[in-house]
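Here is the structure we will look at, set down as structure tokens.
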Amino acid sequence: MLDIKLIRENPDFVKRSLEKRNENFDIDGILQLDASYRRSLQQQEQLRAQHKKMSKQMSNPSERSPELTLQMRQMGEEISALQEETSKNKSDLENLLLLLPNIPHESVPLGNDASGNIVVRTWGEPKTFAFKPLPHWELGEKLDIIDFQRGVKLSGSRFYALKGWGAHLQRALISFMLDTHVIDHGYQEIYPPFMVKKECMVGSGNLPKFGDNLYHDKEEDYWFVPTAEVPLTNFHRDEILDAECLPINYVAYTTCFRREKMAAGKDTRGIKRGHQFDKVELYKLTNPENSDKELEKLIADAEDICQRLELPYRVVQLCTGDLGFAACKTYDIELWAPGCNEWLEVSSCSNCGDFQARRANVRYRSAANARTQFVHTLNGSGVALPRVFIAILENYQQADGTVVLPEALTPYMKARQS
RNA sequence: GGAGGGAUCGCAUAGUGGUCUAGUGCGGCCGCCUGCUAAGCGGUUACCCCGAGAAAUUGGGGUCGAGGGUUCGAAUCCCUCUCCCUCCGCCA
């Protein structure tokens, strides 16, 4: 959420900034609503102050009279009418503010859509093959490690099952990534709930705008997490953190659930885009001064996973038109997949500034007597399982159809013979 | 799922319709004192919103788990919900 004071004081800056996203928003409407909210609030508070004084007077029995009582009752009615108006204005305003995306960081390149993204670096050389490399769906079936048919039998399209060492490889990757981030990168491991309350989805920015892409248990009003970013954003909701504990670095493995309504018909082949997938997520809470620096560390930690797995990749900086709703700056990591012949997004690392912290009300105090401030939050995949799985199969495939695993995984594949 | 108990300013507790501008203790912070990481003394100690101010600051309003209600007036009475604890039932 954007700071209403920023909109109030610098409406032109906000308008210009949001236009960079290639979308239009009614900032003037927000300003009008804000003005009437404050007007009704002030009226209400003035009346309330008067009412309070008279009430104090009345605490003395000798001051009481039927006339005064009557007058105060009328006043009370006026106050509650004003109160109703005020809270309606407030919630209308809030509802509009919740629909505004974050302001792009000044360092983000301008662009209307994904075509404006910039490759900032590449690592490794795409492998060359003496044979025609197969796509992972063929490899997966030949090796009998991905079962598409039974996944569909159980749950319908966009579901699959991993079998035998396919399942084992996924488990090994999860352990490998968690260990690397915990032991070598200094993150604290969290195992969060996979279902959360509505407020959490609002806090992270998934609601109210993107409910279409979420699974929801209507009976109990539980929302299934589309990423661990959601519970991690809300982990410290309504808390005031000590400055000394920042930055906080969390890593969480979760399954992620996405309806993929917006991507209907896209990427239907293979395991690239399913309704359920696993992911190891990195998350940081920092003070505002350090968030730019922490974003660079975050992307480096995610890249390290790809490097240890010796998978060639490129880092892409998203342009203003391709930024996610909550992000002010984002880098993606894309792995090269020689079988399906495309770059696969395995990580998206974003600085969200105070956008989510304001929604989730996560603050910190910089010094003992200082005012509270919102923290900055950052998130990044470290990394998404199905796509790194694809990249491993396709990059490490041999002429005979077998796959030789990267060395980094050897300690994690103890049941390899099975 | 059933029955009971509870939720107060970091922690612990007081408060059962107006004197609560929420008291007290502990902890924290600041200062003083003291020949030692003790004791003592004084002060301070929540958060949000609106207004004034360049700012330090300052005027007002709100918040006693959340939301509603009764009342001139609610931490206190009533209703609903959430969470925690105890017991019973069921269950990985």
Side-chain angles (χ1 to χ4, degrees), chain A residues 1-11 30-98 191-203 216-223 231 234-246 248 255 285 354-375:
Chain A
M1 191 153 71
L2 299 183
D3 187 358
I4 183 64
K5 285 177 197 150
L6 177 73
I7 300 175
R8 210 182 277 157
E9 284 155 26
N10 296 297
I30 288 175
L31 288 170
Q32 271 174 26
L33 203 47
D34 176 51
S36 48
Y37 160 65
R38 285 185 295 160
R39 203 181 315 118
S40 57
L41 179 69
Q42 280 163 29
Q43 283 172 7
Q44 187 212 134
E45 286 185 351
Q46 209 179 339
L47 209 56
R48 208 186 274 272
Q50 208 179 331
H51 189 261
K52 218 166 130 177
K53 260 182 209 151
M54 291 166 78
S55 187
K56 189 127 290 178
Q57 233 178 56
M58 247 193 171
S59 64
N60 182 350
S62 66
E63 301 258 9
R64 280 174 216 159
S65 72
E67 292 77 33
L68 194 57
T69 303
L70 184 66
Q71 194 191 341
M72 288 195 64
R73 187 183 299 154
Q74 284 166 350
M75 229 171 158
E77 277 161 20
E78 258 179 274
I79 290 171
S80 53
L82 276 166
Q83 155 126 38
E84 209 166 301
E85 187 186 337
T86 306
S87 54
K88 186 182 184 311
N89 281 337
K90 192 182 181 181
S91 72
D92 287 353
L93 179 61
E94 184 119 331
N95 289 339
L96 288 180
L97 288 174
L98 286 173
Y191 175 82
F194 292 9
M195 294 187 284
V196 296
K197 295 192 257 183
K198 189 175 187 174
E199 301 97 274
C200 294
M201 289 297 181
V202 174
H216 177 211
D217 167 25
K218 287 200 172 79
E219 191 130 345
E220 305 286 343
D221 202 23
Y222 285 132
W223 296 75
N234 291 277
F235 207 70
H236 294 287
R237 180 146 51 93
D238 296 322
E239 290 182 25
I240 299 173
L241 306 167
D242 287 332
E244 302 89 72
C245 68
L246 300 178
I248 293 173
T255 302
L285 297 98
D354 65 5
F355 187 84
Q356 290 179 321
R358 183 169 268 114
R359 286 173 165 249
N361 193 28
V362 186
R363 292 166 294 168
Y364 80 105
R365 201 186 301 280
S366 54
N369 286 326
R371 280 188 60 79
T372 59
Q373 287 181 71
F374 290 107
V375 299

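Residue numbers begin at 1 in each chain, while the letters A, B, ... track the order of the sequences. Because only heavy atoms are used, hydrogens play no part in the values below, and waters and symmetry mates are left out as well, while side chains stay in.
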Could you pull out all residues at least two apart from Ser40(A) that satisfy side-chain contact (heavy atoms from CB on, under 4.5 Å)? Glu85(A), Thr86(A), Asn89(A)

Taking [X] for the side chain and [Y] for the main chain, is one N or O donor matched with an acceptor at less than 3.5 Å?
{"X": "Asp3(A)", "Y": "Lys5(A)", "answer": "yes"}
{"X": "Arg363(A)", "Y": "Ile240(A)", "answer": "no"}
{"X": "Ser59(A)", "Y": "Ser55(A)", "answer": "no"}
{"X": "Arg359(A)", "Y": "Leu98(A)", "answer": "yes"}
{"X": "Arg237(A)", "Y": "Ala360(A)", "answer": "no"}

Between [X] and [Y], what is the shortest heavy-atom contact and its length?
{"X": "Val196(A)", "Y": "Pro231(A)", "answer": "CG1-CB, 4.4 Å"}
{"X": "Met72(A)", "Y": "Met58(A)", "answer": "SD-SD, 4.0 Å"}
{"X": "Leu82(A)", "Y": "Gln43(A)", "answer": "CD2-OE1, 3.3 Å"}
{"X": "Cys200(A)", "Y": "Asn234(A)", "answer": "O-ND2, 2.9 Å"}
{"X": "Tyr364(A)", "Y": "Phe374(A)", "answer": "CE2-O, 3.9 Å"}

For the [atom1] atoms, the ones on [N] and on [M], what distance do you get once it is rounded to whole angstrom?
{"N": "A75(B)", "M": "U8(B)", "atom1": "C1'", "answer": "7 Å"}
{"N": "G15(B)", "M": "G23(B)", "atom1": "P", "answer": "15 Å"}
{"N": "C81(B)", "M": "U86(B)", "atom1": "P", "answer": "23 Å"}
{"N": "U24(B)", "M": "C36(B)", "atom1": "P", "answer": "31 Å"}
{"N": "C79(B)", "M": "G25(B)", "atom1": "C1'", "answer": "36 Å"}
{"N": "G73(B)", "M": "C50(B)", "atom1": "C1'", "answer": "24 Å"}
{"N": "A74(B)", "M": "C64(B)", "atom1": "C1'", "answer": "11 Å"}
{"N": "G68(B)", "M": "U76(B)", "atom1": "P", "answer": "14 Å"}

Does any nucleotide pair with [N] by Watson-Crick or G-U wobble geometry, both distances under 3.5 Å, and what is it?
{"N": "A75(B)", "answer": "none"}
{"N": "C87(B)", "answer": "G2(B)"}
{"N": "C64(B)", "answer": "none"}
{"N": "U57(B)", "answer": "A52(B)"}
{"N": "G40(B)", "answer": "C32(B)"}
{"N": "C20(B)", "answer": "none"}
{"N": "G10(B)", "answer": "C26(B)"}

Please check if the number of heavy atoms outside Tyr222(A) that lie under 6.0 Å from its OH is greater than 12. no

To the nearest 0.5 Å, atom CG of Asp221(A) lies from atom NE2 of His216(A) at 4.0 Å

Just verifying a value: how many Å separate Lys88(A) NZ and Ser36(A) OG, rounded to the nearest 0.5 Å? 9.5 Å

Those residues of residues 68-76 of chain A lying under 4.0 Å from RNA chain B by at least one heavy atom: Thr69(A), Met72(A), Arg73(A)

Give me, pair by pair, the N or O atoms of the protein and of nucleotides 8-10 of chain B that are less than 3.5 Å apart, along with how far apart they are.
none

Nearest-Å distance, [atom1] ([X]) to [atom2] ([N])?
{"X": "Glu199(A)", "N": "C83(B)", "atom1": "CD", "atom2": "P", "result": "11 Å"}
{"X": "Glu219(A)", "N": "G1(B)", "atom1": "CD", "atom2": "P", "result": "11 Å"}
{"X": "Leu93(A)", "N": "C48(B)", "atom1": "CG", "atom2": "P", "result": "18 Å"}
{"X": "Gln50(A)", "N": "C72(B)", "atom1": "CD", "atom2": "C1'", "result": "14 Å"}
{"X": "Arg359(A)", "N": "C48(B)", "atom1": "CZ", "atom2": "P", "result": "20 Å"}
{"X": "Met54(A)", "N": "U71(B)", "atom1": "CE", "atom2": "P", "result": "18 Å"}
{"X": "Glu244(A)", "N": "C29(B)", "atom1": "CD", "atom2": "C1'", "result": "13 Å"}
{"X": "Ile79(A)", "N": "U71(B)", "atom1": "CD1", "atom2": "C1'", "result": "14 Å"}

If only side-chain N and O atoms of Lys197(A) are considered, is one of them under 4.0 Å from the OP1 or OP2 phosphate oxygen of U82(B)? no

Using OP1 and OP2 only, check whether a side-chain N or O of Thr372(A) sits under 4.0 Å from C48(B). yes

Asp34(A) and side-chain contact (heavy atoms from CB on, under 4.5 Å): which single residue from Ile4(A), Leu97(A), Leu96(A) fits? Ile4(A)

Distances for protein N or O near nucleotides 49-52 of chain B N or O, under 3.5 Å:
{"unit_1": "C50(B)", "atom_1": "OP1", "unit_2": "Arg8(A)", "atom_2": "NH2", "d": "3.2"}
{"unit_1": "C50(B)", "atom_1": "O2'", "unit_2": "Gln42(A)", "atom_2": "NE2", "d": "2.7"}
{"unit_1": "G51(B)", "atom_1": "OP1", "unit_2": "Arg38(A)", "atom_2": "NH1", "d": "2.4"}

Atom pairs, protein N/O to nucleotides 65-70 of chain B N/O, distance under 3.5 Å:
none

Measure from the side-chain heavy atoms of Arg48(A) and tell me the nearest of C48(B), G62(B), G73(B). G62(B)

Identify, between Asn361(A) and Lys52(A), the residue whose nearest nucleotide on RNA chain B lies closer to the 5' end. Asn361(A)

Just to be sure I understand the rule, does Arg363(A) reach a base, reach only the sugar-phosphate, or reach nothing, if contact means heavy atoms closer than 4.0 Å? sugar-phosphate

Is there any protein nitrogen or oxygen under 3.5 Å from a nitrogen or oxygen in nucleotides 15-19 of chain B, and what are the pairs?
{"unit_1": "G18(B)", "atom_1": "N7", "unit_2": "Arg64(A)", "atom_2": "NH2", "d": "3.4"}
{"unit_1": "G18(B)", "atom_1": "O6", "unit_2": "Arg64(A)", "atom_2": "NH2", "d": "3.4"}

